[in-house]
Structures are given as structure tokens and as C-alpha cells.
Amino acid sequence: MGTTETPRRITMTPGARRALEAAARLFYERGIHAVGVDLIAAEAGVTKKTLYDRFGSKEQIVVEYLADRDERWRAFLARYLDDAQPAPAARVRAVFDASRAWSVKHSSKGCSMVNAHAEIGDPAHPAYPIITGQKQWMLALFTDLAREITPDGADGLGRTLMLLHEGALVAHGLNVFADPIGHAGEQAQALLAAAATGEAR
């Protein structure tokens with residue numbers, strides 16, 4: 001499956017939602033490969049047959065886990081962007097502020113997409129487009145914000161902002177030093193200020 005294809009999704013029943021919540025917790029805490037369908041069923045209080053009836057395969061559970069997490073992140077980020085001042089630098093800061101808040105609440109072990117990619121490197125896996133698509137979406141967001149500051153340098157600035165953001169997420173998951181996402185946000189602001197000055201010249 002190519003990264004531009006949209007993965008198949010299922011309609012969530014209450015039982016499927018309960019199973020997905022159990023799977024999401026287990027996948028994030030223990031890793032996707034380490035968690036079997038038997039454990040998910042036991043944690044969700046359903047039979048293995050029910051799980052397969054709802055999802056069809058473990059791969060589909062992984063698809064739903066990552067897609068649901070991505071959807072929740074985008075909705076979470078949208079609230080921060082809606083509340084931010086219209087200046088592009090303020091909106092970039094809002095992205096880092098949202099990531100910082102999200103990571104404290106939902107991502108103690110780092111970015112779920114980065115973690116999943118460490119286990120799912122095969123583009124044929126149905127969840128692969130979700131992982132790469134989420135990062136492509138973030139790059140597009142940063143590039144669009146950068147374009148408001150430096151139209152001619154938007155691609156380069158967007159990539160640099162993306163690298164600051166992704167590096168901060170990894171450092172957060174590794175607990176290398178305190179508040180890496182806050183630090184990355186400060187560096188992003190300095191970068192934007194320099195870019196704006198250069199554009200004015």
C-alpha cells in the first residue's frame with residue numbers, strides 16, 4: 001500500500017471502542033509486536049472471536065489505534081491554533097505548546113507514530129500510510145506557517161521547524177533532559193525572528 005492511499009476503517013460499536021481503548025493502551029505501553037490479540041481481548045473483556053468479528057485482523061486494530069490517535073491529536077492541536085494570535089510566529093508557538101501539553105498527558109514514551117514506525121517499516125502494512133501521512137501533514141502545516149513569514153524560503157524553514165519539533169518529541173520520550181519541547185519552541189521562535197528579519201531586508 002502506498003503512502004497516498006487511505007486505509008480502510010471500520011465502524012465502531014461500543015464493544016469495538018472498548019477493545020480499541022485496551023489495544024491503544026497496550027500498544028503504546030508495551031509495543032505493537034509485543035501485544036497479541038489474546039491479551040487485547042482479555043483486557044477489553046471480550047472474546048478473541050468477538051475481536052476478530054469486529055476488526056478482522058490485528059493489523060486492522062493497529063490501523064484503528066494509530067488513526068484514532070492521529071485524529072485526536074489534530075483536534076487537540078486545532079484548539080490551540082484557534083486560540084492563538086493570528087501572527088504566524090504565534091501560531092508556530094501554538095504547535096509546540098500543543099505538543100508539549102499533549103506529550104505530558106498522552107505521550108510519556110514519546111511520539112506514538114515514531115514508536116510505531118520503529119516496528120512497522122514495511123510500506124505494504126496498512127498502518128504505514130497513517131504513520132507517514134501524519135508526519136507529512138505536520139510538515140505541510142509548518143511549511144504553510146513558514147510561508148507567511150518568508151514565502152521564498154518556506155520549504156526550508158518548514159523542514160527546519162519540523163526537525164525541531166520531531167527531535168523534541170524523541171528527546172521527550174527518551175527523557176534526555178527536562179522540557180525538550182519547550183526548548184524547541186524557544187529555538188523555533190528565534191529561528192522565525194531571524195527569518196522575518198532576513199525577509200525584511
Side-chain angles (χ1 to χ4, degrees), residues 1-12 16-17 19-21 23-29 31-33 35 40 54-82 84 88 91-92 94-103 105-148 154-173 181 184-185 188:
M1 178 178 287
T3 58
T4 60
E5 295 182 36
T6 302
R8 180 180 70 85
R9 302 291 303 281
I10 68 166
T11 301
M12 285 288 166
R17 173 59 60 183
L20 179 59
E21 289 171 355
R25 183 179 68 256
L26 292 166
F27 286 154
Y28 187 75
E29 291 176 354
I32 291 169
H33 291 330
V35 174
I40 295 170
R54 296 287 184 273
F55 294 94
S57 66
K58 180 183 173 181
E59 285 188 343
Q60 189 63 37
I61 302 174
V62 175
V63 166
E64 300 298 336
Y65 155 59
L66 292 173
D68 178 71
R69 195 165 173 103
D70 182 33
E71 288 166 0
R72 290 189 295 113
W73 157 244
R74 294 192 196 200
F76 186 87
L77 174 57
R79 293 194 293 272
Y80 275 75
L81 290 172
D82 288 343
R91 289 171 62 76
V92 169
V95 177
F96 284 88
D97 288 345
S99 288
R100 187 184 188 193
W102 173 272
S103 294
K105 187 174 183 181
H106 300 289
S107 299
S108 61
K109 294 180 179 292
C111 174
S112 58
M113 299 296 166
V114 171
N115 295 348
H117 190 263
E119 298 191 76
I120 300 171
D122 182 2
H125 193 289
Y128 190 85
I130 298 171
I131 299 168
T132 56
Q134 200 271 345
K135 297 307 179 185
Q136 290 164 353
W137 184 82
M138 289 298 299
L139 175 59
L141 173 63
F142 280 124
T143 303
D144 287 344
L145 293 171
R147 188 168 291 111
E148 299 179 39
D155 288 344
L157 181 56
R159 290 170 186 164
T160 302
L161 291 170
M162 172 78 167
L163 290 172
L164 275 172
H165 182 260
E166 294 303 307
L169 294 181
V170 172
H172 171 80
I181 301 174

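For the numbers below, each heavy atom of this structure counts, side chains included, while hydrogens, waters and symmetry mates do not. Sequential numbering from 1 along the given sequence is applied to the chain's residues.
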side-chain contact (heavy atoms from CB on, under 4.5 Å) partners for Leu163, two or more places apart: none
Check side-chain contact (heavy atoms from CB on, under 4.5 Å) between Ala67 and all other residues, then give those that pass, not counting sequence neighbours. Arg9, Ile130
Atom pair [atom1]/[atom2] of [X] and [Y] - distance to nearest 0.5 Å:
X	Y	atom1	atom2	result
Leu20	Glu64	CG	CD	6.5 Å
Thr160	Leu164	OG1	CG	7.0 Å
Phe27	Ser112	CZ	OG	12.0 Å
Ile32	Leu26	CD1	CG	11.5 Å
Asn115	Leu66	CG	CG	10.0 Å
Met113	Thr132	CE	OG1	10.0 Å

So, for [X] and [Y], which heavy atoms are closest and what is the spacing to 0.1 Å?
X	Y	answer
Leu139	Met162	N-SD, 3.8 Å
Ala154	Ala146	O-CB, 3.7 Å
Leu169	Cys111	CD1-CB, 4.0 Å
Ser99	Trp73	OG-CH2, 3.3 Å
Ala127	Val63	N-CG2, 3.7 Å
Ala23	Ile61	CB-CG2, 3.6 Å

Return the set of residues passing ring-ring contact (aromatic ring centres under 6.0 Å, His included) with [X] (not counting sequence neighbours), or none when no residue passes.
X	result
Tyr80	Phe76
His106	Trp102
Phe96	Phe142, His165

Holding to salt bridge (charged side-chain N to carboxylate O under 4.0 Å, His left out), I want the full list of residues that pass it with Arg69, two or more places apart in sequence or in another chain. none
For Arg17, enumerate each residue passing the salt bridge (charged side-chain N to carboxylate O under 4.0 Å, His left out) test, keeping only those at least two apart in sequence or located in another chain. Asp68
Could you give all pairs that pass the salt bridge (Lys or Arg N to Asp or Glu O under 4.0 Å) test and reach residues 117-145, with sequence neighbours left out? Lys135-Glu166, Asp144-Arg147
Quick one: does Tyr28's side chain have a donor or acceptor within less than 3.5 Å of a partner on Gly110's backbone? yes
Is there a donor-acceptor pair closer than 3.5 Å between any side-chain N or O of His172 and the backbone N or O of Ser107? yes
Leu161 and Val95, any side-chain heavy atoms less than 4.5 Å apart: no
Which residues satisfy the side chain to side chain donor-acceptor pair (under 3.5 Å) test with Asp155, sequence neighbours excluded? none
